[in-house]
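Heavy atoms only: backbone and side chains are in, while hydrogens, waters and symmetry mates are out. Sequential numbering from 1 along the given sequence is applied to the chain's residues.
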Amino acid sequence: MTEMLNYFNELRERIINKQKWEKDRFHVFDYEAGTGKSRNTFRFVGEMTKESPYRVLYVQRFIRDDELNNSVALINKHSGRKVAVGFTGEDSKKAERRILAKEAQVLIISHRMYNQICRGNHKELIEGRDILIIDEYPDLLEKVTLSENDIGYLWMMNYKYQNDLLENLAFSLREKLAYCSVQQEIDKKNEMLFIDFRECGLEKLKIDMPEILKTVSDGRDGTLLLKVLQILTNGCFFYERSFHTFNSQVQFKLLKSNIILDANGFDYRYTLSKKFQVEKQPKFFEYSHSIFHHYEVNTSKKGLSKQINLPEKALDIIHPEKNGKTLFITDQDNQLNLEGKIINYLILNGVEENEAKVMLKDLIRIDYFGNIIGVNTYRDFDNVVVLKTPNFDYLSYALSYFYNSKNDGGHVGDVDIFKHDIVENIRKSVIAGEIYQAIKRVNRDNTRISNMYVFTTNQDAVDMVLTQLPGIQYKKNKLSVNKKKQNSSKRVTVLEHQIEDAKKIILDAKSNGVSFLRKKEIRDLIGVTDKSNFSRILDAIQTFLDTHECKNSGQKIILTGS
């Protein structure tokens with residue numbers, strides 16, 4: 001017990017010793033999962049309140065399953081009196097709860113509520129507080145996307161407001177989108193193009209934005225223009241025919257002392273900003289009595305969609321009916337399918353159907369990524385099976401690089417997908433972090449012989465996880481699975497995009513009561529400079545025009561019946 005208490009001495013000092021406080025950055029403590037870092041933090045905070053008036057804001061991942069109230073109860077127990085209060089979104093609607101939260105020496109909130117504080121809301125919750133403690137990485141990244149349709153709608157807004165600045169904005173953005181589309185089509189097919197509007201001669205658009213916003217009365221229109229402002233202010237990536245950036249209004253709020261508790265201290269995002277300093281801690285557990293079984297098979301979302309029998313192959317290897325309590329982890333879409341596969345497997349191996357269903361409650365459980373972080377329900381399970389590589393979309397990794405680098409004044413450039421060093425380091429470390437947290441849901445106190453089965457081709461992520469498990473026995477095997485026959489899919493051409501864009505512009509104009517459109521306006525909006533190419537588009541949409549009672553007349557498309 002003394003050894004475990006000493007393990008957290010540095011954390012305790014950072015909380016109670018004012019000389020150790022630092023207001024400009026977070027100290028990230030990477031204490032190993034399962035060692036009780038949250039539980040010990042509650043004890044340190046509770047004991048601190050007996051002697052010091054320091055006021056604490058504690059941020060935890062979830063409030064579900066009474067977790068918020070449990071945290072409050074533990075701190076109050078160690079304090080010997082009621083010093084801690086929990087506060088939720090529902091509480092924010094009640095005046096008496098807001099007053100209670102503001103006055104509490106220790107206030108416990110969720111990541112979601114902290115995100116609101118970082119947007120500038122609920123300022124009363126941090127006023128006069130000294131210590132900020134956050135359990136796990138607080139991801140403040142909020143994606144902002146300006147699509148091709150959004151830009152088309154901007155152009156339609158000009159008919160409503162008759163503002164030359166708005167027309168210029170829509171035209172310039174459409175022109176930029178057309179230029180970037182051609183660039184990607186020709187020689188940058190596998191890249192996210194970074195656009196800095198200060199460098200491409202469009203910064204005047206940002207200067208014009210306050211004037212444009214003054215003329216807008218509709219809430220939807222204002223929201224769209226604020227998205228445009230984020231794109232112009234931050235810069236953006238061009239990817240999949242849209243502009244993507246982050247919401248720069250969401251920024252970390254720090255107090256006099258700032259602490260993050262995160263077993264995933266190896267997350268590469270911590271290295272991208274001076275706001276974080278990782279305080280490396282020694283590993284507490286030793287895993288030589290357990291085995292990490294790595295089966296090399298593609299379990300990305302795309303990989304799984306092409307397979308027929310991965311669950312059956314995995315079950316034949318694991319024999320979950322014979323080896324203690326086992327947790328299976330997949331993605332939410334495959335949870336029910338996997339449940340059916342396990343029941344069929346058990347029945348084929350001599351288990352009665354009713355008994356098989358009971359086993360799925362007692363000995364075998366299925367959960368999914370996005371639902372397991374911080375969950376202690378499986379702490380007494382022996383084995384864990386990871387049947388899905390926890391990938392996010394690549395854009396989210398690229399935007400993490402953009403958000404952290406930009407906020408720290410760093411350089412941002414084009415991202416070559418799966419080849420950009422920083423983005424790849426983010427991707428691999430985030431995947432590794434998800435896998436590590438998944439396998440640490442079981443055998444939390446490391447007192448059992450545990451089997452960890454991970455099915456993935458991502459060797460880099462596996463290697464990162466292995467560094468967190470000192471002494472673990474590592475066994476690697478290849479696994480062959482049956483594949484579905486794939487239908488060849490036709491690639492959408494630029495011309496087909498332009499035809500669909502032209503249809504969308506015409507329908508939007510018609511629904512907004514516009515009586516006619518000039519052909520040149522349509523041509524400019526869809527990025528066609530050659531009149532003969534535009535004639536091909538008009539020929540292609542003739543049936544569409546007839547169906548919607550529109551007439552191709554001279555230099556106009558007349559929207560009959562508008």
Side-chain angles (χ1 to χ4, degrees), residues 88-95 98 110-125 139-177 195 197 202-251 253 395-396 399 403 501 503-515 517 521 525 559 562:
T88 67
E90 283 300 309
D91 291 329
S92 67
K93 302 171 186 175
K94 304 169 186 174
R98 293 199 301 271
S110 68
H111 274 229
R112 183 174 293 181
M113 181 63 74
Y114 178 68
N115 188 293
Q116 287 297 314
I117 290 171
C118 293
R119 293 169 185 271
N121 303 322
H122 304 297
K123 293 179 181 178
E124 72 280 1
L125 298 183
D139 190 359
L140 300 186
L141 175 65
E142 179 185 316
K143 180 170 75 171
V144 174
T145 294
L146 189 72
S147 69
E148 197 169 9
N149 287 342
D150 288 333
I151 295 170
Y153 182 76
L154 272 179
W155 181 74
M156 297 305 306
M157 281 168 57
N158 184 52
Y159 284 92
K160 187 190 298 187
Y161 298 107
Q162 295 297 309
N163 185 323
D164 291 343
L165 295 176
L166 187 57
E167 182 178 9
N168 183 43
L169 175 68
F171 180 81
S172 298
L173 287 172
R174 186 72 198 197
E175 195 174 51
K176 190 66 180 173
L177 185 141
I195 302 165
F197 286 95
L202 297 177
E203 190 174 17
K204 186 179 182 303
L205 296 174
K206 185 175 75 174
I207 298 170
D208 292 338
M209 284 300 294
E211 193 64 35
I212 297 173
L213 281 163
K214 285 179 188 176
T215 68
V216 171
S217 54
D218 185 276
R220 176 190 171 187
D221 299 346
T223 299
L224 179 56
L225 287 174
L226 289 174
K227 283 169 62 173
V228 174
L229 184 58
Q230 289 286 341
I231 295 288
L232 298 176
T233 301
N234 305 332
C236 62
F237 287 122
F238 179 78
Y239 179 60
E240 294 181 338
R241 293 181 68 83
S242 294
F243 298 113
H244 307 275
T245 190
F246 58 88
N247 185 352
S248 60
Q249 302 301 309
V250 188
Q251 296 291 333
K253 299 293 185 185
L395 178 61
S396 67
L399 287 175
Y403 175 79
D501 290 346
K503 290 179 181 178
K504 176 74 169 55
I505 289 165
I506 290 167
L507 282 180
D508 283 348
K510 188 176 177 68
S511 65
N512 279 278
V514 177
S515 57
L517 292 172
E521 290 176 315
L525 283 168
L559 310 181
S562 299

Can you check whether [X] reaches [Y] side chain to side chain, under 4.5 Å on heavy atoms?
X: Ser248; Y: Gln230; value: yes
X: Met156; Y: Val514; value: yes
X: Asp91; Y: Arg98; value: no
X: Phe238; Y: Leu177; value: yes
X: Met113; Y: Leu125; value: yes
X: Met157; Y: Leu166; value: yes
X: Phe246; Y: Asn234; value: yes
X: Phe243; Y: Ile151; value: yes

Could you grab the distance from atom [atom1] of [X] to atom [atom2] of [Y], nearest 0.5 Å is fine?
X: Tyr239; Y: Leu395; atom1: OH; atom2: CG; value: 7.0 Å
X: Leu205; Y: Leu232; atom1: CG; atom2: CG; value: 6.0 Å
X: Ile195; Y: Lys176; atom1: CD1; atom2: NZ; value: 5.5 Å
X: His111; Y: Cys118; atom1: NE2; atom2: SG; value: 10.5 Å
X: Ile117; Y: Glu124; atom1: CD1; atom2: CD; value: 8.0 Å
X: Leu154; Y: Lys227; atom1: CG; atom2: NZ; value: 9.5 Å

Residues which pass side chain to side chain contact (heavy atoms under 4.5 Å, CB included) with [X], listed by chain and number, not counting sequence neighbours:
X: Ser147; answer: Asn149, Asp150, Ser242
X: Asp208; answer: Leu165, Lys204, Ile212
X: Arg119; answer: Asn115, Gln116, Asn121, Glu142, Asn247, Val250
X: Leu507; answer: Phe544, His548

Taking only residues two or more places apart in sequence, or in another chain, which ones meet [X] in a salt bridge (Lys or Arg N to Asp or Glu O under 4.0 Å)?
X: Lys94; answer: none
X: Lys93; answer: Glu90
X: Glu175; answer: none
X: Asp139; answer: Arg269

### Query
Does the pair Ser92 and His122 meet the rule for a side chain to side chain contact (heavy atoms under 4.5 Å, CB included), with working shown?
CA-CA 9 Å; Ser92 67; His122 304 297; 3.7 Å; yes
### Message
Suppose we screen for side-chain hydrogen bond (donor to acceptor under 3.5 Å, both in side chains). Which residues come up paired with Lys160, at least two apart in sequence or across chains?
### Response
Asp221
### Query
With sequence neighbours excluded, what pairs up with His244 under the side-chain hydrogen bond (donor to acceptor under 3.5 Å, both in side chains) test?
Thr145
### Message
Using the rule given for side chain to side chain contact (heavy atoms under 4.5 Å, CB included), can you reason through Leu225 versus Met209, listing the C-alpha separation, both sets of side-chain angles and the distance that settles it, and then say yes or no?
### Response
CA-CA 8 Å; Leu225 287 174; Met209 284 300 294; 3.9 Å; yes
#### Entry: Taking every non-hydrogen atom, the tightest pair across Val216 and Gly222
CG1-N, 3.6 Å
### Task
Show your reasoning for whether side chain to side chain contact (heavy atoms under 4.5 Å, CB included) applies to Val144 and Leu226.
CA-CA 10 Å; Val144 174; Leu226 289 174; over 6 Å; no
### Query
Is it true that a side-chain atom of Thr245 and a backbone atom of Ile231 form a donor plus acceptor pair closer than 3.5 Å?
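No; judged by distance alone, with no hydrogens or angles, the pair does not exist.
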### Query
When you measure from the side chain of Ser172 to the backbone N and O of Leu169, does any donor-acceptor pair fall under 3.5 Å?
no
### Task
Any pair with a residue in residues 149-177 that passes ring pair (Phe, Tyr, Trp, His ring centres under 6.0 Å), sequence neighbours left out, goes on the list, sorted by first then second residue, please.
Trp155-Tyr159
### Where at least one partner belongs to residues 233-247, residue pairs that pass salt bridge (charged side-chain N to carboxylate O under 4.0 Å, His left out), sequence neighbours excluded
Glu148-Arg241, Arg241-Asp501
